Amino acid sequence: MSEPRELPFYLTNTLTRRKEEFVPAEPPHVGLYVCGPTVYSDVHLGNVRTFTTFDLLYRWLTHIGYKVRYVRNITDVGHLVDDVDEGEDKIAKRARLEKLEPMEVVQKYTNGFHDVMRLFNILPPNIEPTATGHLIEQMAMVQRIIDSGFGYVVNGSVYFDVPGFAKDHAYGELSGRRIDELLANTRDTEGMEEKRSPLDFALWKRAEPIHLMKWPSPWGEGFPGWHLECSVMSTKYLGRTFDIHGGGMDLKFPHHECEIAQSIAADGHAPVRYWMHGNMLTVNGRKMAKSEGNGFTPEELITGNHKLLDTGYGPMTVRFFMLQCHYASTLDFSNEALQASERGLERLMAAMDKLEDLKAGARDDVDIAALEQRCYDAMNDDLNSPVMIAEVFEGVRIINSVNDGKLVLSTAGIDQLRRLMRAMVHDVLGLKAERDTSDSDKVMDGLVQEFIRMRAEAKARRDFAVGDAIRDRLAGLGILLKDTKEGTTWERA
RNA sequence: GGUCACGUGGCCGAGUGGCUAGGCAGAGGUCUGCAAAACCUCGUACAGCGGUUCGACUCCGCUCGUGACCUCCA
């Protein structure tokens with residue numbers, strides 16, 4: 001059998017809507033850019049899903065041997081509070097409400113975002129650029145677009161000429177939109193009088209005196225347009241044509257469509273080779289979104305302190321829950337599903353523990369290489385984590401059976417299973433035990449082991465009353481004892 | 001209104017033109033002093049109506065239902 005990492009990796013390119021073999025422009029290097037959060041409020045669980053999806057991609061690419069440069073931005077300026085171009089900057093508005101400096105708001109929610117990423121075991125990117133840190137580059141790109149004839153200046157603002165661009169270039173290719181249909185469905189928004197066409201979008205916006213975040217530019221005081229930062233920062237760090245650009249489905253239009261247009265206008269060619277979009281997390285069938293008011297923060301999730309939550313859920317339970325669904329499908333949140341994932345994860349983690357001290361036999365009853373191959377096949381098929389997890393549970397069954405003496409694996413077989421399970425569960429899925437093994441846990445384990453010995457002695461003299469009393473009282477403290485052939489183990493309730 | 005998805009057993013969710021997804025829950029069994037865990041077995045699902053086909057849950061059409069995007073949104 002060939003080495004798994006030499007097998008082709010197929011990815012659905014949302015630009016072509018087809019599964020394509022992924023081949024980086026300059027192997028073994030891969031450039032990956034993902035649209036990060038806007039740091040003016042807490043991230044909610046839907047955001048976490050997207051970042052988990054791309055964490056899985058990053059982990060998989062790394063696992064199969066690619067050297068990935070992963071760039072994920074922080075949007076700390078530029079998005080408006082509503083669909084009115086004259087509206088306040090979201091961050092500026094939030095700052096006034098909270099009487100904070102804009103950059104203080106940015107820092108607060110950036111810190112919070114990082115805490116959440118750590119909580120869900122989402123690996124940090126290699127570069128995490130901020131929009132405010134790349135104003136010079138953004139102005140330079142605006143100028144290149146003006147020079148190319150697709151940007152025009154009105155009253156200190158610069159707009160992108162979409163109909164002009166669309167005459168000779170594909171606009172709407174990514175999102176499957178046609179320019180005439182877009183024009184027919186345009187909403188009548190304010191601030192339109194400056195634009196030549198309602199489809200045009202801002203590259204640079206003039207700042208009103210009320211604005212707190214603004215910078216001098218060749219066109220006057222202002223701030224960069226909504227879509228510019230990603231174009232600038234992705235190409236700055238990954239090159240003017242890079243491998244993978246990811247983000248949530250809801251960014252496809254107009255955000256990513258505009259990015260494509262900007263890059264073509266400024267640099268003469270499309271910026272991205274493979275586009276990848278993660279689907280939405282829904283609640284009762286509806287997209288979780290700030291505007292829907294159906295979102296909850298990771299903190300509410302863990303404490304269970306929210307009307308939609310029956311109880312609190314651990315971050316690893318949630319991560320596992322998300323990975324049991326393919327990234328391109330919508331995933332509906334429900335308490336029932338979360339509880340099912342919680343139980344499943346417990347069983348998986350219990351098996352991972354047992355795996356550490358399986359006893360080897362003289363033969364191999366199971367073909368671990370075949371299991372491994374199925375895991376790699378699943379992941380190489382458009383990151384099919386649900387199928388890979390199904391195979392991992394086949395591994396769980398094998399572990400338990402070997403542990404029960406119902407199946408036999410050789411030393412080599414056990415080693416192979418160990419490597420496979422650790423790679424899939426820890427490295428690729430990024431799952432770990434909900435509770436860390438800390439020093440205090442070691443003390444706890446020592447104490448419980450003492451009680452287990454006392455109970456074993458009681459049982460040896462068939463004093464089941466004392467034995468059961470020990471077990472029941474420990475159970476009352478949340479310590480569950482389990483008798484096995486090899487002896488008694490314990491876990492927390 | 002336009003565009004695009006989706007509708008799978010009690011729940012969540014894969015997948016496929018003919019052959020077991022998997023998890024959780026449920027039933028029976030093995031093991032056990034009891035319990036828990038573990039293991040084995042089980043339900044014979046694919047919105048509805050037509051069509052293509054030797055054969056469709058899987059392909060095509062229509063109907064119904066749900067959702068996403070079209071505006072900031074992961």
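To find a chain, count down the sequence lines: A is the first, B the second, and so on, and within it residues start at 1. It should be emphasised that the depicted structure is a prediction, and the values quoted were computed from it without experimental measurement.
- A donor N or O paired with an acceptor N or O is not found under 3.5 Å between the base of rA37(B) and the side-chain atoms of Arg347(A).
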Original post:
Going through the checks in order, is the salt bridge (Lys or Arg N to Asp or Glu O under 4.0 Å) test met by Asp365(A) and Lys406(A)?
Top reply: CA-CA 10 Å; Asp365(A) 289 342; Lys406(A) 288 170 180 161; over 6 Å; no

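- With rC70(B), rA35(B), rG23(B) as the candidates, the nucleotide lying closest to the side chain of Asp483(A) is rA35(B).
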**OP:** Step by step, work out the side chain to side chain contact (heavy atoms under 4.5 Å, CB included) result for Phe320(A) and Ser385(A).
**Re:** CA-CA 10 Å; Phe320(A) 180 62; Ser385(A) 55; over 6 Å; no

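- Toward the 5' end of RNA chain B, the nearer of the two residues Gln324(A) and Met288(A), judged by each one's closest nucleotide, is Gln324(A).
- Between the C1' atoms of rG23(B) and rA14(B), the separation comes to 11 Å (whole Å).
- What separates CZ of Arg374(A) from C1' of rA14(B) is a distance of 15 Å, to the nearest Å.
- For the pair Lys252(A) NZ and rU71(B) P, the computed distance is 16 Å after rounding to whole Å.
- Rounded to a whole Å, the CZ atom of Arg286(A) is 10 Å from the P atom of rC69(B).
- Positionally, the nearest nucleotide of RNA chain B for Ala390(A) lies more toward the 5' end than for the other of Ala390(A) and Lys459(A).
- Look at the P atom in both rU44(B) and rC69(B): the space between them is 40 Å, to the nearest Å.
- Comparing rA21(B) with rC64(B), their C1' atoms sit 29 Å apart, to the nearest whole Å.
- The distance between atom CG of Asp468(A) and atom C1' of rA36(B), rounded to the nearest whole Å, is 12 Å.
- Considering only side-chain N and O atoms, Asn279(A) lies nowhere under 4.0 angstrom from the phosphate OP1 or OP2 of rA5(B).
- Evaluation of atom-type donor-acceptor distances gives a pair under 3.5 Å for the side chain of Lys287(A) against the base of rC73(B).
- Side-chain contact between His255(A) and Cys230(A): present, with at least one pair of heavy atoms (C-beta onward) separated by less than 4.5 Å.
- Within a 6.0 Å radius of CD in Glu20(A), more than 12 heavy atoms belonging to other residues, nucleotides or ligands are found.
- Looking at Glu342(A) and Tyr313(A), their side chains never bring a donor and an acceptor atom within 3.5 Å of each other.
- Taking atom CZ of Phe120(A) as the reference point, atom P of rA74(B) lies 16 Å away to the nearest angstrom.
- For the OP1/OP2 pair of rC6(B) and a distance below 4.0 Å, the side-chain nitrogens and oxygens of Thr330(A) include no atom meeting the criterion.
- Between Lys406(A) atom NZ and rU41(B) atom C1' there is a gap of 13 Å when expressed in whole angstrom units.
- Across all their heavy atoms, Asp332(A) and Asn284(A) have their closest contact at OD1-N, 3.3 Å.
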Please produce a list of atom pairs where a protein N or O lies less than 3.5 Å from an N or O of nucleotides 26-28 of chain B.
none

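- No donor-acceptor distance shorter than 3.5 angstrom exists from the side chain of Asp382(A) to the backbone of Asn384(A), with no hydrogens or angles considered.
- Using a 4.0 Å heavy-atom distance criterion, His326(A) is classed as a sugar-phosphate-only contact.
- Side-chain atoms of Tyr109(A) and Asp76(A) include no donor-acceptor pair closer than 3.5 Å.
- Side-chain nitrogen and oxygen atoms of Asn400(A) include none within less than 4.0 Å of the OP1 or OP2 phosphate oxygen of rA38(B).
- Residue contacts shown for Met280(A) include a base, since a base heavy atom lies under 4.0 Å away.
- Put simply, Arg397(A) has a side-chain N or O that comes within less than 4.0 Å of OP1 or OP2 on rC40(B).
- Residue-level contact check: Leu481(A) touches the bases, meaning some heavy atom is under 4.0 Å from a base atom.
- A donor-acceptor pair shorter than 3.5 Å cannot be found between the side chains of Lys108(A) and Tyr40(A).
- Across all strands, Lys482(A) comes closer than 4.0 Å to base atoms (heavy-atom distances).
- With hydrogens and angles ignored, no donor-acceptor pair under 3.5 angstrom links the side chain of Arg17(A) to the base of rC4(B).
- Here the C1' atom of nucleotide rC24(B) and the CD atom of Glu336(A) are 9 Å apart, to the nearest Å.
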Identify each donor-acceptor pair in which a side-chain atom of residues 121-128 of chain A lies under 3.5 Å from a protein atom, sequence neighbours left out, and give them as a table.
residue: Asn121(A); atom: ND2; partner: Gly430(A); partner atom: O; Å: 2.8
residue: Asn126(A); atom: ND2; partner: Val68(A); partner atom: O; Å: 3.2
residue: Glu128(A); atom: OE1; partner: His114(A); partner atom: NE2; Å: 2.5
residue: Glu128(A); atom: OE2; partner: Arg72(A); partner atom: NH2; Å: 3.4
residue: Glu128(A); atom: OE2; partner: His114(A); partner atom: NE2; Å: 3.2

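- Annotation: side chain of Val48(A) is not in contact with side chain of Leu301(A) (no heavy-atom distance under 4.5 Å).
- Residue contacts for Ala337(A): at a heavy-atom cut-off of 4.0 Å it reaches the sugar-phosphate backbone alone, with no base atom in range.
- The side chain of Asn384(A) lies closest to rG15(B) when the candidates are rU3(B), rC70(B), rG15(B).
- In this structure, Gly278(A) reaches neither bases nor backbone, as no heavy-atom distance under 4.0 Å exists between it and the strands shown.
- Straight-line distance between the P atoms of rA47(B) and rC12(B): roughly 14 Å, to the nearest whole Å.
- Within 4.0 Å of Thr489(A), counting heavy atoms only, lies no atom of the nucleic acid at all.
- Residue-nucleotide stacking is present for Phe464(A) and rG33(B), judged by a side-chain ring centre under 5.5 Å from the six-membered base ring centre and planes under 30° apart.
- For a distance-only test at 3.5 Å, the side chain of Asn335(A) fails to qualify as a donor-acceptor partner of the base of rC11(B).
- Using atom C1' as the reference point in both rU8(B) and rG13(B), the two lie 9 Å apart (nearest Å).
- To the nearest whole angstrom, the two P atoms, one in rG28(B) and one in rA68(B), are 42 Å apart.
- Between rG33(B) and Arg462(A), no contact under 4.0 Å exists linking OP1 or OP2 to a side-chain N or O.
- Look at CG on Asp404(A): it is 10 Å from P on rA38(B), rounded to the nearest Å.
- Not a single donor-acceptor pair under 3.5 Å links the side chain of Asn73(A) to the backbone N or O of Pro129(A).
- Stems are defined here as 3 or more consecutive Watson-Crick or G-U wobble pairs with pairing distances under 3.5 Å; those involving RNA chain B are B:1-7 with B:64-70, B:10-12 with B:22-24, B:26-30 with B:38-42, B:47-51 with B:59-63.
- Nucleotides rU63(B) and rC24(B) are separated by 41 Å at their P atoms, to the nearest Å.
- Counting non-hydrogen atoms under 4.0 angstrom, Leu331(A) reaches the backbone sugars and phosphates but no base.
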Original post:
Stepwise, does the side chain to side chain contact (heavy atoms under 4.5 Å, CB included) test hold for Arg206(A) with Glu194(A)?
Top reply: CA-CA 11 Å; Arg206(A) 173 190 66 251; Glu194(A) 286 190 350; 3.0 Å; yes

